[in-house]
There are 4 protein chains.
Amino acid sequence: MDTMQAIIKAQPGPGFESTRTVVPAPGPRDVLVKVKATSICGTDVHIYKWDRWSQGRIKPPLIVGHEFTGEISAVGEQVRPDEPQVGDYISAESHIVCGTCQQCKLGRAHICPNTRIIGVDIDGCYAEYVSIPVENAWKNPPDMPVQVASLQENFGNAVHTVSEVDVRAKTVLVTGCGPAGLMAIPVARAFGAETIVATDLSPYRLDLAQKAGADLAIDPTAVDFFKRAQDAVRGKGFDVLIEMSGASSALKQGLGLLKAGGEASLLGLAPGTLNDFDLNNLVIMKGVTVHGIAGRRLWQTWYQMRALIASGAVDLRPIITHEFPLSRWHEAVETMASGRSGKIVMYPGE
Amino acid sequence: MDTMQAIIKAQPGPGFESTRTVVPAPGPRDVLVKVKATSICGTDVHIYKWDRWSQGRIKPPLIVGHEFTGEISAVGEQVRPDEPQVGDYISAESHIVCGTCQQCKLGRAHICPNTRIIGVDIDGCYAEYVSIPVENAWKNPPDMPVQVASLQENFGNAVHTVSEVDVRAKTVLVTGCGPAGLMAIPVARAFGAETIVATDLSPYRLDLAQKAGADLAIDPTAVDFFKRAQDAVRGKGFDVLIEMSGASSALKQGLGLLKAGGEASLLGLAPGTLNDFDLNNLVIMKGVTVHGIAGRRLWQTWYQMRALIASGAVDLRPIITHEFPLSRWHEAVETMASGRSGKIVMYPGE
Amino acid sequence: MDTMQAIIKAQPGPGFESTRTVVPAPGPRDVLVKVKATSICGTDVHIYKWDRWSQGRIKPPLIVGHEFTGEISAVGEQVRPDEPQVGDYISAESHIVCGTCQQCKLGRAHICPNTRIIGVDIDGCYAEYVSIPVENAWKNPPDMPVQVASLQENFGNAVHTVSEVDVRAKTVLVTGCGPAGLMAIPVARAFGAETIVATDLSPYRLDLAQKAGADLAIDPTAVDFFKRAQDAVRGKGFDVLIEMSGASSALKQGLGLLKAGGEASLLGLAPGTLNDFDLNNLVIMKGVTVHGIAGRRLWQTWYQMRALIASGAVDLRPIITHEFPLSRWHEAVETMASGRSGKIVMYPGE
Amino acid sequence: MDTMQAIIKAQPGPGFESTRTVVPAPGPRDVLVKVKATSICGTDVHIYKWDRWSQGRIKPPLIVGHEFTGEISAVGEQVRPDEPQVGDYISAESHIVCGTCQQCKLGRAHICPNTRIIGVDIDGCYAEYVSIPVENAWKNPPDMPVQVASLQENFGNAVHTVSEVDVRAKTVLVTGCGPAGLMAIPVARAFGAETIVATDLSPYRLDLAQKAGADLAIDPTAVDFFKRAQDAVRGKGFDVLIEMSGASSALKQGLGLLKAGGEASLLGLAPGTLNDFDLNNLVIMKGVTVHGIAGRRLWQTWYQMRALIASGAVDLRPIITHEFPLSRWHEAVETMASGRSGKIVMYPGE
């Protein structure tokens, strides 16, 4: 029986471990994927640190990781000929949905209540091989670089967040320049935003935001913030808020800067509940619409990603700041945890 | 110079006064309206009680009241022939907008930042005559009863709130059965709601909600509330929340009962800020969309109201619980303030 | 091996034949349904008459019929526990879609280019049993009458056609009062139409339209048609056109009566191409939006149907004009072909 | 009394004449504009040639021209301080709407049935001065070049046509590369189109289309057209059709190349009616949505234009192929009529 390198949460508590384990055998409707690249998500860092959410959700031992790309090396016996086959170059939607609930049947599988997540609820992709349901495999164009292909799962969050609002010829405020926020910037540009202002407390991330195409990347606590943000939009406020930080201060500031009748799209999750929130003035009397965003639309978001990348409208490579062999996973995860990175890609077998 | 009966806020502090004052002369773009019926809004009660908002906004002396209907008795010299004329039977949009700002030019005059409100910023309609800009006059069908015609300003809030969401073949929760909530019930029914559950703490209002057409009208603090609400929608939760109460408990409960992917439309204004609000679970991860609602869409909402009333799809008369001559304004306002009423209509000159 | 009664197209040419044939064995992902009721669609009449479309599409021998309801009597070995099971009372979506093409993956399976249709491309339901893919089975509430449950496939066309446009507080013109047109009338009413005018050349159908809830049902060639139609909508024209006839005269007349900025939803298929069509004045300069409608949205339309029927908002029973045992299929099909019927339901085994 | 140079349609029949006439006096709600640049529209060529439409609509003598920019030199006495003032640099919406009809009150003034057009129904802008209603004046940013500012009226048609559909990450076919088609190309790009294929019979215009940013600009009658068009979109067909030619062959070909579920936006007006149009296969069974486009949305389209130009997302200058002093109007109009031009700008007083 073949074995492989894998990074696992071995038991409850902080940290990951490197191990050798058996290559999984795909179930009847599964495909086995040889991983070519895998990238680190903020969620992986939460599991690494063993935060409260992880303690309630993760059942060790578990191979972690859910962003990846690779080549199909075997398929289950019920995989049909019109579905992905051995040799196909694929990325994976990490959300495994039931397909039979009302949400799935209404085309809203991204909010299926029965969702299980690769690398969270079942074994993940920080390994040489991973087995996933064939329905979760997404074929990539052959010329897509593997590091870009791996990023798509997370890129899809950004594309989904931006595509729920109309940014065409609009002024856009992006609050939070972690990976999802950074990726939202070129998407907003590609979809027609007039002016994009991005905020973050970290100078490192503001520098990446500038490179990602923001017209202004600025610390929201700077004394001249309000003046510079308003100057960037000719004193008119913002039409659209893209909230990627999860910080309640960012949400309040962003909604405060929004024009009446504006739209907000919220992806960032807060560490706790929201307090002292002026719903009357920030949302109701302004006639603002707020969209909560979860996951990626299946499969609209993936088609959008493919087009954005293939046409060159979005170049994700400047957002990748570090690359490691999977054997250096410890350094990679610690770098991600430091906040001084964009996306980090790891390569098994190097 | 002709004089008329009028109800005024004479000076800062609680209460109104009855007075005689000069009939206003319409400006060049105004129409003078002989008031046939006027109805009481919750805002009028706030001004009567002299709450904090009133203290900051109202500049006495001021004729109060902004919901009314009547007949045009004179027009200013710049009113054009294709605009309302002497003898026309009209109701009034209470929001006087600038017409030149970006919001107005984008067709979003209901959130014009330069809005002035009849009976709040300029003299209102608790009087025998009121002068308003011709742009604010809306011609009624001749067969519309005056008590119904007067209610339209407030009815428009309900129509606007419901029409921003898609209730067709959906399950709908209406939280708050004050006048706007009560009026939202038949609107949701007329626009295709499958099941409507309404909540309020007051048995008096729950009774009105039942009469207004709710499938279930129930106290949200009742021990069997959750079971009965879920039974009403076959255990599936609600597709749509119509929040009319301004109570943070109602907002939280309503969003909690909403299905993932649902929509919420919020009209109710809270007395303070929102606290301990679980934005992650109530909005973001559920993929919920929240619409803040202000005023009435000019003039889409008014056309909708006309159609809803003319076709008989909505009958507002069961929601009118009291009628008074304007001379009994004190009793009328106190009744409204008691919470034991639906809409209250007053008639000048009786 | 069990046999059953079935109505088949035995060879190319007009007519159907009654036969006995083997009860089908369900495939691994199929369910076998004992048919309780089946209804006749216009398409069945086309196949019966062996029109040009049928000659190109139908490969005899074939069991015909695609509208039905029944009880699952057996399931294939790959049917999962969260899918319909033996004993379930179901209706069927007649379009078998591939699930893997771009349309399917975008949630637009109703226009899947690989669609195969029950009773057209594979054996249908004019029989005691029919085998269908489990994905096509839709569970009905137990209290839904079988004749109503059978109609849903066709009712879904009407619901889809109406739901693509916004009829809330709008004036609606329905052209063509065959079964789909008749069913569109109560749907438009349930979804908030202010006024509904229906047209057809047949007095028999106009009578059914009146019973179905039209405010005015009228022959569009009547000398006073224009006056009466305009009177019904106070001289303002129509906001929405629901075209169900396929007649080019109806399309032209309907678009001509539409207000600028109106919407048209087209389900009716014409026997040939469109000629002498004034696209400039009927569509472009009027700013009209035209929606082509195919099939039923999977599964939004089915959820809408369930809600419309369960809430009592739509009662399909007045539209059912004839009921027959399946053994009298010849009389049933001839009655449908005569044009002097609404929906016709047949019952196997009686 | 001051006089000015003006180009007029002096009497029924082909041609224009140069004349001197009195500078108009602005009415109470008008502004007098000193014209800095004016551009030629296809409609002006129709009036010049005195086609059938012109014969029915134009009442000579009339100063022609409706695309222009200039500086306000006087205002009527009822122009308010919050409206455009003397010295302002403006362009003009050419459609003078009533403001009181249902369309205007619903925010659809672009299809107001009472529309009068500058240079068509009232004196136009091929002159040193033009008087227009203050409501039609649109303030430009001071740094907008005058030749670009003049083009906006026509540019707005292109922006409106593209903005009615969702081109984000979509494949787009633009049929017809006259000025409006040419301008639609960079708009579709700015709003997120993945791939843009443009068609025209004229090699001159195809060359301009390529410069305007089309991925492929091609003669639709070329033998390899279908192959090259499909290659450009990886064999998948088009998501969106932007029809700018008015040619029925283009409409049929474009709808034929559209994917099921696609959207078409039609601006081009045909010389006659549409014949032999396969509505069943091109629209209905494909589930296609068709949008008729008229004018510009007031004022959404103008805000979009401002943003597109200010951000540099669209550069209209490559589309301007000729510039003339107004005194050489004859050469300018003949050049436009030849079909061998993009936009042509003329300057009064040079």
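Residue numbering restarts at 1 for every chain, and letters A, B, ... go by the order of the sequence lines. It should be emphasised that the depicted structure is a prediction, and the values quoted were computed from it without experimental measurement. Just so you know, these numbers use all the heavy atoms, side chains as well, and skip hydrogens, waters and symmetry mates.
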Quick check on the structure: residues of [range] within a heavy-atom distance below 4.5 Å of chain A, by number.
{"range": "residues 80-89 of chain C", "answer": "R80(C), D82(C), E83(C)"}
{"range": "residues 287-300 of chain C", "answer": "L298(C), W299(C), Q300(C)"}
{"range": "residues 99-115 of chain C", "answer": "T100(C), C101(C), Q102(C), K105(C), L106(C)"}

Point to revise | Per-residue contacts, residues 151-168 of chain A versus chain C, heavy atoms under 4.5 Å | key: none
